[in-house]
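Predicted, not measured: the structure shown is a model, and the values here were computed from it. The sequence lines fix the lettering, A, B, ..., with proteins before strands; numbering per chain opens at 1.
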Number of protein chains: 2
Amino acid sequence: MWTFWTRGYHATSIDDLVKTTGVARSGIYAEFGGKEEAFANCLEHYREAVAGPAIAILTNHESGLKAIRAYFGFFIERHRQHGLPGPGCFLANSVTEMAPHSQAALETASAHRRDLQQGFKAALCRAAFELNSHAAPDDLDGLANFLAVASQGLWSYARAMDDIAELEQFAREILALVEARLSNFGDAGDDCQA
Amino acid sequence: MWTFWTRGYHATSIDDLVKTTGVARSGIYAEFGGKEEAFANCLEHYREAVAGPAIAILTNHESGLKAIRAYFGFFIERHRQHGLPGPGCFLANSVTEMAPHSQAALETASAHRRDLQQGFKAALCRAAFELNSHAAPDDLDGLANFLAVASQGLWSYARAMDDIAELEQFAREILALVEARLSNFGDAGDDCQA
DNA sequence: ATAATTCAGGAACGATCGTTCCTTAATGGG
DNA sequence: CCCATTAAGGAACGATCGTTCCTGAATTAT
């Protein structure tokens, strides 16, 4: 999976897979059936083993705000350990490379985006309660969508950056924006006119 | 350029270029020297002919807020005309595909990111003045960085979406977030403690 | 009108691609 | 101890890759 993840589909040859995995040529075809199916398999495995646990952070914490902070903290910590530039998000990379020519990759990625958006939505609901925010459900949907886009953007940027401090600043800025917006909803009926 | 843009570097063959551009095989090598150089040339051309004018929107409007709104409006309008899924941002696509293995693509893209960030910064300075915001220069840097990341995320998402209304919602949410944060700075010394 | 020059178009090269198939070493049942 | 079964390792296939080179038609200068 790592090879597909870092190099992408087209830039990875069967020879590369043989060398990096140790599995013999025939083994790859016996187990998966070919390059395309092996790639799809890796994409699914990534969703379960990498993306899934990351999204689970959003639902594991009781506090919504802490959950969102923990999600971005996990992101930063991961890149602090592995170093920059990172491999990015395998799903996002694949969509960029394959879409709009591969329907399968597109569907897998949109399923992932839905999961991520729902995770953020659930955390935001709790956060809005904690902050006594008067945000409407539609507002939280919009915020959740935004957080999904922003976090995907962060993952993508991590593939092309070499300064972890800059990445941290981005993450902090996103958190500050969301908190400001949430409290903006909360104050909406009190002292603001918008 | 369009072929490289939509399909990416590795998935585009010289045959594809011959068929889509009409230029003969030898012409491509006579004019550019090879596939890699042709790709680099397209990347530079994209920066000048596509990314440049888009960034110029941010500096052309006198009003900072209008400039930022116009930038995202241009983005939406472009995708409304061309239809979804769009080709994404050629520079961002290339970074995702080539980084971290191609230093050249990485440098071109980071130069683009700097341009975009500076464009947003200039517009934000004017916007902060318009709104009587008390945001510090560092705050505006952070906001500009955020806007750069978010707009890149939007371009990337446009490559994998088919509903323009959803794209519009994302753009509106980003604008709302930035405006909320700007006015949050403005109120910082008045009735908030953060 | 003729000769020199240019450049599009395509044939052909070696390398590498994804895939298939055959050989061979390891394993388990008789 | 011997044979049937399995799976790994690598040779080899046609197709396609990026690149080079050659041919022939169009153009320009003399």
Side-chain angles (χ1 to χ4, degrees), chain A residues 1-47 87-88 90-109 159, chain B residues 1-47 87-88 90-109 159:
Chain A
M1 179 176 73
W2 183 252
T3 312
F4 273 138
W5 189 354
T6 51
R7 305 194 200 180
Y9 177 77
H10 287 107
T12 300
S13 69
I14 303 288
D15 258 336
D16 292 331
L17 293 179
V18 170
K19 284 172 188 163
T20 56
T21 64
V23 174
R25 256 182 148 65
S26 42
I28 293 175
Y29 285 89
E31 192 168 355
F32 300 109
K35 191 185 180 185
E36 270 191 70
E37 287 155 81
F39 184 77
N41 203 289
C42 287
L43 225 48
E44 271 304 322
H45 175 69
Y46 174 88
R47 252 194 93 192
F90 187 24
L91 284 158
N93 295 349
S94 302
V95 166
T96 300
E97 184 182 2
M98 313 287 270
H101 303 291
S102 163
Q103 190 68 21
L106 214 151
E107 282 168 6
T108 305
R159 193 171 165 86
Chain B
M1 178 176 76
W2 183 252
T3 313
F4 273 138
W5 188 356
T6 51
R7 305 194 199 181
Y9 177 76
H10 288 107
T12 300
S13 70
I14 303 287
D15 258 336
D16 292 329
L17 294 179
V18 170
K19 283 172 188 162
T20 55
T21 64
V23 175
R25 253 180 151 63
S26 42
I28 293 176
Y29 284 90
E31 193 168 355
F32 301 108
K35 190 185 181 186
E36 271 191 70
E37 287 154 81
F39 184 77
N41 204 289
C42 287
L43 225 48
E44 271 304 322
H45 175 70
Y46 174 88
R47 254 194 91 191
F90 186 25
L91 283 158
N93 296 349
S94 302
V95 166
T96 300
E97 185 182 1
M98 315 286 270
H101 303 291
S102 162
Q103 189 67 23
L106 215 151
E107 282 167 8
T108 305
R159 194 173 164 85

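Proximity of B:V23 to B:V18: side-chain heavy atoms (C-beta onward) are nowhere separated by under 4.5 Å.
Only at 4.0 angstrom or more do the heavy atoms of residues 10-17 of chain A sit from any atom of DNA chain D, so none qualifies. In the region residues 34-46 of chain A, proximity to DNA chain D at under 4.0 angstrom, judged on heavy atoms, holds for none of the residues.
Close approach of DNA chain D to chain A, defined as any atom under 4.0 Å from a non-hydrogen atom of the protein, starts and stops at D:dA8 to D:dA11.
Shown here are the side chain to side chain contact (heavy atoms under 4.5 Å, CB included) partners of A:E107, two or more places apart in sequence or in another chain: A:Q103. In this view, B:H10 and A:H10, A:A11, B:E97, B:M98 satisfy the side chain to side chain contact (heavy atoms under 4.5 Å, CB included) rule, not counting sequence neighbours. Residues satisfying the side chain to side chain contact (heavy atoms under 4.5 Å, CB included) criterion with B:A92, sequence neighbours excluded, are B:C89, B:Q152, B:S156. Applying the side-chain hydrogen bond (donor to acceptor under 3.5 Å, both in side chains) test to A:T21 and every residue at least two apart in sequence or in another chain returns nothing.
Here the straight-line distance linking atom CG of B:L106 with atom NE2 of B:H101 works out to 11.0 Å at 0.5 Å rounding. The distance from the CE atom of B:M1 to the CG atom of B:L17 is 12.5 Å, given to the nearest 0.5 Å.
Not one N or O on the side chain of A:W5 forms a donor-acceptor pair closer than 3.5 Å with the backbone of A:C42.
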Residues 24-40 of chain B, side-chain donor-acceptor partners within the protein, below 3.5 Å, at least two apart:
| residue | atom | partner | partner atom | Å |
| --- | --- | --- | --- | --- |
| B:R25 | NH1 | B:D15 | OD1 | 2.8 |
| B:K35 | NZ | B:Y9 | O | 3.1 |
| B:K35 | NZ | B:T12 | O | 2.7 |

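B:T96 and B:N93 share no donor-acceptor pair across their side chains, judged by distance under 3.5 Å alone.
The residue among B:G22 and A:S26 whose nearest nucleotide of DNA chain C lies closer to the 5′ end is B:G22.
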